[in-house]
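To start, the structure itself, in C-alpha coordinates.
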Amino acid sequence: MAAKRSGRSKRGINERLQPLQEPRSEPPLSRERIVATAVELLDAQGVDGLTMRRLADRLGSGVMSLYWHVDNKEDVFDLALDSVLEYRGPSQIAQDWRGEVVHVLEDWRASMLRHPWSATLLPRRALGPNILGRLELLSKTLSRAGVADADVNVAIWSLWNYVMGATITRASFDLSDDDRAAAQQRLTRLSERYPTIERSRLLLDNDWDGAFRNGLGFLLDGLSPK
(Lines give C-alpha, C1' and ligand atoms only; values in the text may rest on other atoms or scores of the structure.)
Protein backbone atom coordinates (compact mmCIF):
# COMPACT_ATOMS: atom_id res chain seq x y z
CA MET A 1 0.00 0.00 0.00
CA ALA A 2 2.87 2.34 0.81
CA ALA A 3 4.35 1.84 -2.66
CA LYS A 4 1.06 2.71 -4.27
CA ARG A 5 0.73 5.90 -2.22
CA SER A 6 4.30 6.84 -3.20
CA GLY A 7 3.51 6.36 -6.88
CA ARG A 8 0.44 8.52 -6.70
CA SER A 9 2.38 11.22 -4.88
CA LYS A 10 5.15 11.21 -7.49
CA ARG A 11 2.72 11.58 -10.35
CA GLY A 12 1.06 14.49 -8.57
CA ILE A 13 4.39 16.31 -8.19
CA ASN A 14 5.24 15.80 -11.86
CA GLU A 15 1.92 17.16 -12.91
CA ARG A 16 2.38 20.23 -10.72
CA LEU A 17 5.82 20.88 -12.22
CA GLN A 18 4.46 21.01 -15.78
CA PRO A 19 3.85 24.55 -17.16
CA LEU A 20 0.23 25.54 -17.36
CA GLN A 21 -1.12 25.19 -20.89
CA GLU A 22 -3.93 27.69 -21.09
CA PRO A 23 -5.63 28.14 -24.44
CA ARG A 24 -4.96 31.51 -26.05
CA SER A 25 -7.60 33.22 -28.11
CA GLU A 26 -5.20 36.02 -29.16
CA PRO A 27 -1.43 36.25 -29.81
CA PRO A 28 0.66 37.77 -27.00
CA LEU A 29 0.46 41.54 -26.73
CA SER A 30 3.42 43.38 -28.30
CA ARG A 31 4.22 46.83 -29.64
CA GLU A 32 4.15 45.48 -33.20
CA ARG A 33 0.68 44.00 -32.73
CA ILE A 34 -0.59 47.17 -31.06
CA VAL A 35 0.65 49.30 -33.97
CA ALA A 36 -0.79 46.96 -36.62
CA THR A 37 -4.17 46.95 -34.87
CA ALA A 38 -4.06 50.74 -34.47
CA VAL A 39 -3.55 51.06 -38.24
CA GLU A 40 -6.57 48.82 -38.83
CA LEU A 41 -8.65 50.94 -36.47
CA LEU A 42 -7.51 54.19 -38.08
CA ASP A 43 -8.29 52.80 -41.55
CA ALA A 44 -11.79 51.85 -40.41
CA GLN A 45 -12.73 54.84 -38.22
CA GLY A 46 -10.22 57.63 -38.85
CA VAL A 47 -8.23 59.67 -36.38
CA ASP A 48 -11.20 60.50 -34.17
CA GLY A 49 -12.11 56.82 -33.93
CA LEU A 50 -8.89 55.74 -32.24
CA THR A 51 -9.12 55.59 -28.47
CA MET A 52 -7.11 53.45 -26.10
CA ARG A 53 -10.33 51.70 -25.01
CA ARG A 54 -11.29 50.77 -28.58
CA LEU A 55 -7.74 49.69 -29.31
CA ALA A 56 -7.66 47.48 -26.22
CA ASP A 57 -11.04 45.96 -27.12
CA ARG A 58 -9.77 45.05 -30.59
CA LEU A 59 -6.70 43.48 -29.08
CA GLY A 60 -8.72 41.59 -26.50
CA SER A 61 -6.75 43.10 -23.63
CA GLY A 62 -7.15 45.59 -20.83
CA VAL A 63 -6.34 49.24 -21.42
CA MET A 64 -3.62 49.27 -18.77
CA SER A 65 -1.84 46.39 -20.49
CA LEU A 66 -1.20 48.64 -23.49
CA TYR A 67 0.94 50.97 -21.40
CA TRP A 68 3.57 48.27 -20.93
CA HIS A 69 4.32 48.68 -24.66
CA VAL A 70 3.40 52.28 -25.58
CA ASP A 71 3.50 55.54 -23.63
CA ASN A 72 0.08 56.93 -24.51
CA LYS A 73 -2.32 57.54 -27.40
CA GLU A 74 0.01 60.14 -28.92
CA ASP A 75 2.74 57.51 -29.02
CA VAL A 76 0.35 55.15 -30.82
CA PHE A 77 -0.39 57.84 -33.42
CA ASP A 78 3.33 58.42 -34.03
CA LEU A 79 4.10 54.72 -34.35
CA ALA A 80 1.10 53.97 -36.59
CA LEU A 81 1.87 56.91 -38.87
CA ASP A 82 5.51 56.01 -39.30
CA SER A 83 4.68 52.36 -39.92
CA VAL A 84 2.55 53.13 -42.99
CA LEU A 85 5.23 55.42 -44.44
CA GLU A 86 7.95 52.77 -44.55
CA TYR A 87 9.93 52.91 -47.81
CA ARG A 88 11.74 49.83 -49.10
CA GLY A 89 12.98 51.36 -52.34
CA PRO A 90 12.35 50.34 -55.94
CA SER A 91 12.83 46.77 -57.15
CA GLN A 92 15.31 48.16 -59.67
CA ILE A 93 17.72 51.05 -59.22
CA ALA A 94 16.53 54.14 -61.07
CA GLN A 95 18.70 55.14 -64.00
CA ASP A 96 18.60 58.85 -63.20
CA TRP A 97 17.88 61.17 -60.29
CA ARG A 98 14.46 62.11 -61.64
CA GLY A 99 13.38 58.50 -61.75
CA GLU A 100 14.44 58.02 -58.14
CA VAL A 101 12.58 61.13 -56.95
CA VAL A 102 9.46 60.12 -58.88
CA HIS A 103 9.49 56.66 -57.33
CA VAL A 104 9.93 57.99 -53.78
CA LEU A 105 7.06 60.46 -54.17
CA GLU A 106 4.70 58.11 -56.00
CA ASP A 107 5.26 55.48 -53.32
CA TRP A 108 4.74 58.13 -50.61
CA ARG A 109 1.46 59.23 -52.19
CA ALA A 110 0.27 55.65 -52.69
CA SER A 111 1.04 54.82 -49.05
CA MET A 112 -1.02 57.76 -47.82
CA LEU A 113 -3.91 57.01 -50.16
CA ARG A 114 -4.06 53.47 -48.76
CA HIS A 115 -4.34 55.08 -45.32
CA PRO A 116 -6.06 58.46 -45.92
CA TRP A 117 -5.86 59.48 -42.25
CA SER A 118 -2.08 59.66 -42.58
CA ALA A 119 -2.21 62.68 -44.90
CA THR A 120 -4.08 64.75 -42.32
CA LEU A 121 -2.09 63.37 -39.39
CA LEU A 122 1.43 63.81 -40.78
CA PRO A 123 1.66 67.62 -40.52
CA ARG A 124 0.67 67.44 -36.84
CA ARG A 125 2.99 64.66 -35.66
CA ALA A 126 6.67 64.30 -34.85
CA LEU A 127 8.54 63.03 -37.92
CA GLY A 128 9.49 59.38 -37.41
CA PRO A 129 12.43 57.45 -38.86
CA ASN A 130 10.59 56.32 -42.00
CA ILE A 131 9.54 59.79 -43.18
CA LEU A 132 12.92 61.22 -42.15
CA GLY A 133 14.53 58.46 -44.21
CA ARG A 134 12.51 59.53 -47.25
CA LEU A 135 13.55 63.16 -46.80
CA GLU A 136 17.18 62.14 -46.38
CA LEU A 137 17.04 60.06 -49.56
CA LEU A 138 15.45 62.93 -51.49
CA SER A 139 18.07 65.38 -50.21
CA LYS A 140 20.95 63.09 -51.19
CA THR A 141 19.45 62.45 -54.61
CA LEU A 142 18.97 66.15 -55.32
CA SER A 143 22.47 66.96 -54.08
CA ARG A 144 23.98 64.29 -56.35
CA ALA A 145 21.97 65.72 -59.23
CA GLY A 146 23.68 69.07 -58.75
CA VAL A 147 21.07 71.05 -56.85
CA ALA A 148 22.98 73.67 -54.87
CA ASP A 149 23.11 73.22 -51.10
CA ALA A 150 21.40 76.59 -50.68
CA ASP A 151 18.44 75.33 -52.75
CA VAL A 152 18.02 71.81 -51.34
CA ASN A 153 15.71 72.84 -48.49
CA VAL A 154 13.47 74.81 -50.85
CA ALA A 155 13.38 71.81 -53.18
CA ILE A 156 12.49 69.39 -50.38
CA TRP A 157 9.66 71.53 -49.01
CA SER A 158 8.36 72.10 -52.53
CA LEU A 159 8.19 68.35 -53.09
CA TRP A 160 6.62 67.87 -49.64
CA ASN A 161 3.95 70.48 -50.37
CA TYR A 162 3.26 68.93 -53.75
CA VAL A 163 2.80 65.33 -52.58
CA MET A 164 0.81 66.36 -49.49
CA GLY A 165 -1.49 68.68 -51.43
CA ALA A 166 -2.05 66.15 -54.20
CA THR A 167 -2.80 63.38 -51.72
CA ILE A 168 -5.23 65.36 -49.57
CA THR A 169 -7.06 66.61 -52.67
CA ARG A 170 -7.39 63.10 -54.10
CA ALA A 171 -8.49 61.60 -50.78
CA SER A 172 -11.16 64.24 -50.15
CA PHE A 173 -12.44 64.80 -53.71
CA ASP A 174 -15.30 62.32 -53.70
CA LEU A 175 -17.59 63.29 -56.57
CA SER A 176 -19.44 60.54 -58.41
CA ASP A 177 -19.49 60.38 -62.21
CA ASP A 178 -23.01 61.82 -62.15
CA ASP A 179 -21.86 64.69 -59.93
CA ARG A 180 -19.00 65.43 -62.32
CA ALA A 181 -21.31 65.39 -65.32
CA ALA A 182 -23.77 67.74 -63.61
CA ALA A 183 -20.96 70.13 -62.64
CA GLN A 184 -19.62 70.14 -66.20
CA GLN A 185 -23.11 70.85 -67.56
CA ARG A 186 -23.34 73.82 -65.22
CA LEU A 187 -20.00 75.06 -66.52
CA THR A 188 -21.30 74.71 -70.07
CA ARG A 189 -24.24 76.95 -69.19
CA LEU A 190 -21.76 79.43 -67.71
CA SER A 191 -19.18 79.09 -70.47
CA GLU A 192 -19.02 82.84 -71.08
CA ARG A 193 -17.81 83.31 -67.50
CA TYR A 194 -15.52 80.25 -67.36
CA PRO A 195 -14.54 79.59 -70.99
CA THR A 196 -11.12 78.03 -70.43
CA ILE A 197 -11.97 75.41 -67.81
CA GLU A 198 -15.22 74.62 -69.62
CA ARG A 199 -13.33 74.03 -72.87
CA SER A 200 -10.73 71.80 -71.16
CA ARG A 201 -13.54 69.88 -69.40
CA LEU A 202 -11.65 70.27 -66.14
CA LEU A 203 -14.36 68.84 -63.91
CA LEU A 204 -14.56 65.62 -65.94
CA ASP A 205 -10.84 64.95 -65.74
CA ASN A 206 -10.29 62.18 -63.19
CA ASP A 207 -6.83 61.01 -64.27
CA TRP A 208 -5.41 61.59 -60.81
CA ASP A 209 -2.31 59.45 -61.29
CA GLY A 210 -1.46 61.02 -64.62
CA ALA A 211 -1.99 64.53 -63.28
CA PHE A 212 0.26 63.76 -60.31
CA ARG A 213 3.11 62.44 -62.43
CA ASN A 214 2.85 65.21 -65.05
CA GLY A 215 2.67 67.91 -62.40
CA LEU A 216 5.69 66.40 -60.68
CA GLY A 217 7.48 66.54 -64.02
CA PHE A 218 6.83 70.28 -64.23
CA LEU A 219 8.24 70.69 -60.71
CA LEU A 220 11.34 68.62 -61.44
CA ASP A 221 11.94 70.62 -64.61
CA GLY A 222 12.28 73.67 -62.40
CA LEU A 223 14.63 71.84 -60.03
CA SER A 224 16.90 70.54 -62.78
CA PRO A 225 20.37 72.12 -62.54
CA LYS A 226 20.90 74.59 -65.36
Side-chain angles (χ1 to χ4, degrees), residues 39 42-44 46-47 80-125 127-147 151-184 187 194 196-226:
V39 170
L42 286 162
D43 287 346
V47 173
L81 176 62
D82 203 54
S83 73
V84 302
L85 294 178
E86 182 178 4
Y87 180 62
R88 295 185 176 88
S91 56
Q92 296 180 339
I93 298 176
Q95 296 299 312
D96 57 30
W97 70 271
R98 289 177 67 117
E100 188 166 5
V101 170
V102 168
H103 189 275
V104 171
L105 293 188
E106 286 190 330
D107 178 84
W108 183 356
R109 171 178 174 263
S111 297
M112 289 193 294
L113 287 177
R114 285 193 297 272
H115 309 281
W117 51 269
S118 65
T120 57
L121 199 59
L122 180 56
R124 297 186 277 147
R125 307 306 310 169
L127 300 184
N130 283 325
I131 189 61
L132 289 175
R134 285 181 188 265
L135 298 179
E136 175 67 14
L137 177 57
L138 288 171
S139 296
K140 285 182 177 178
T141 302
L142 294 172
S143 294
R144 286 198 303 267
V147 175
D151 296 330
V152 168
N153 285 352
V154 173
I156 291 298
W157 288 121
S158 296
L159 294 172
W160 171 291
N161 290 336
Y162 180 72
V163 71
M164 290 298 296
T167 304
I168 291 172
T169 299
R170 176 66 187 96
S172 59
F173 206 94
D174 194 25
L175 291 181
S176 67
D177 290 343
D178 289 343
D179 290 337
R180 290 175 181 276
Q184 183 63 39
L187 270 183
Y194 309 109
T196 308
I197 59 174
E198 190 279 328
R199 185 172 62 252
S200 69
R201 301 175 70 79
L202 175 67
L203 301 184
L204 293 180
D205 187 353
N206 63 352
D207 183 13
W208 296 100
D209 295 339
F212 178 81
R213 178 169 280 233
N214 290 334
L216 180 55
F218 297 153
L219 182 56
L220 295 180
D221 287 343
L223 293 175
S224 298
K226 303 296 188 278

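Throughout, residue positions are numbered sequentially from 1 according to the sequence presented.
- Atom-to-atom distance recorded for Asp209:CG and Asn214:CG is 10.5 Å, nearest 0.5 angstrom.
- Between Leu121 and Met112 there is no side-chain heavy-atom pair separated by less than 4.5 Å.
- Inter-residue side-chain proximity for Asp177 and Leu204 is flagged as unmet; no heavy-atom pair is nearer than 4.5 Å.
- Defined by atom type and a distance below 3.5 Å, a donor-acceptor pair is missing between the side-chain atoms of Arg170 and Thr167.
- For the residue pair Leu202 and Gln184, the shortest heavy atom distance occurs at N-OE1, 4.0 Å.
- The minimum heavy-atom distance between Trp97 and Ser224, with the atom names listed, is CZ2-OG, 3.6 Å.
- Heavy atoms only, all atoms of each residue included: Asp43 and Arg114 are closest at OD1-O, 4.2 Å.
- In this structure the side chain of Leu105 reaches within 4.5 angstrom of the side chain of Leu138, judged on heavy atoms.
- Ion pairing between a basic and an acidic side chain is recognised when a charged N comes within 4.0 Å of a carboxylate O; Arg125 and Asp82 show no such pairing.
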Assess whether side-chain contact (heavy atoms from CB on, under 4.5 Å) is satisfied between Leu81 and Leu42, documenting all intermediate values.
CA-CA 10 Å; Leu81 176 62; Leu42 286 162; over 6 Å; no
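- Expressed to the nearest 0.5 Å, how far CD of Glu136 lies from OH of Tyr87 amounts to 14.0 Å.
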Carefully, step by step, assess Leu135 and Trp160 under the rule side-chain contact (heavy atoms from CB on, under 4.5 Å).
CA-CA 9 Å; Leu135 298 179; Trp160 171 291; 4.1 Å; yes
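- There is no side-chain donor-acceptor pair under 3.5 Å between Asn161 and Ser158.
- In this structure, the separation between CG on Asp151 and CD1 on Ile156 is 11.5 Å, given to the nearest 0.5 Å.
- Between Val101 and Val104 there is no side-chain heavy-atom pair separated by less than 4.5 Å.
- Ala166 and Phe212 get closest at one heavy-atom pair: CB-CD1, 3.6 Å.
- Contact annotation: the side chain of Trp208 approaches that of Thr169 to within less than 4.5 Å [non-hydrogen atoms, C-beta and beyond].
- A heavy-atom distance below 4.5 Å is found between the side chains of Leu159 and Leu216.
- Smallest separation of non-hydrogen atoms from Asp205 and Asp207: OD1-N, 3.1 Å.
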Arg134 vs Asp107, test: salt bridge (charged side-chain N to carboxylate O under 4.0 Å, His left out). Steps then yes/no.
CA-CA 10 Å; Arg134 285 181 188 265; Asp107 178 84; 2.6 Å; yes
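- In terms of heavy-atom proximity, Asn130 sits nearest to Leu85 at CB-O, 3.6 Å.
- The distance from atom CG of Leu122 to atom CH2 of Trp108, rounded to the nearest 0.5 Å, is 6.5 Å.
- Atom-to-atom distance recorded for Leu203:CG and Asn206:CG is 11.5 Å, nearest 0.5 angstrom.
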